[in-house]
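One structure is given here, and the rest of the page talks about it.
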Amino acid sequence: MTDTEAGAAVLGFFAGRGIEFPADEAAREGYEYLDTGALDSMGIVSMVMELEQRFGIRFEAEDMQSVEFRTIGGLISLIERRRAGAGDV
């Protein structure tokens, strides 16, 4: 999943802030960036704004409160569904 355009963007965002992930893809997708404190509140706002602008999507409040939003793989899935116009996720 991290080999998609959304995956590259998400990983690139974190890499640009010096955040490293496990080499194993399953561990990387399950990485809970919120629980580890990888981003502070301003970092989360910056990430959301950057990803919304890059992909022409809008995260809903429910998205950002979901369990999915807490992991790299879940975040990528949310982006891909929003891009596909899946409506409520």
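Worth saying up front: this structure is predicted, and the values here are computed from it rather than measured. The first residue of the sequence shown is numbered 1, and numbering continues consecutively from there. These values consider heavy atoms only, across backbone and side chains, with no hydrogens, waters or symmetry-generated copies.
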Please identify each residue that fulfils side-chain contact (heavy atoms from CB on, under 4.5 Å) with Ala9, with sequence neighbours left out.
-> Leu51, Arg54, Phe55
Sorted by chain and residue number, the side-chain contact (heavy atoms from CB on, under 4.5 Å) partners of Met64 (sequence neighbours excluded) come out as Val48, Phe59, Phe69
Rounded distance (nearest 0.5 Å) linking atom CD1 of Ile57 with atom CZ of Arg81 | 11.0 Å
Share the residues that join Met42 in a hydrophobic cluster, the rule being Ile, Leu, Val, Met, Phe, Trp or Tyr side chains under 4.5 Å apart at the heavy-atom level.
-> none
Looking at [X] and [Y], what are the two nearest heavy atoms and their distance?
{"X": "Ile79", "Y": "Ala6", "answer": "CG2-CB, 3.7 Å"}
{"X": "Arg28", "Y": "Ile72", "answer": "O-CB, 3.4 Å"}
{"X": "Ser66", "Y": "Asp63", "answer": "OG-O, 2.7 Å"}

Should Phe13 and Leu39 be marked as a side-chain contact (heavy atoms from CB on, under 4.5 Å) after you check the CA-CA gap, both sets of side-chain angles, and the distance that decides it?
-> CA-CA 11 Å; Phe13 176 86; Leu39 295 177; 4.0 Å; yes
Residue pairs passing the ring pair (Phe, Tyr, Trp, His ring centres under 6.0 Å) test where at least one lies in residues 24-43, sequence neighbours excluded | Phe14-Tyr33, Phe21-Tyr31
Does some side-chain heavy atom of Thr4 sit less than 4.5 Å from a side-chain heavy atom of Glu80?
-> yes
Could you tell me whether the side chain of Leu34 reaches within less than 4.5 Å of the side chain of Thr71, counting heavy atoms only?
-> no
Asp35: salt bridge (charged side-chain N to carboxylate O under 4.0 Å, His left out) partners, not counting sequence neighbours = Arg70
Hey, could you give me each pair passing side chain to side chain donor-acceptor pair (under 3.5 Å) that has a residue in residues 38-53? Not counting sequence neighbours.
-> Glu52-Arg58
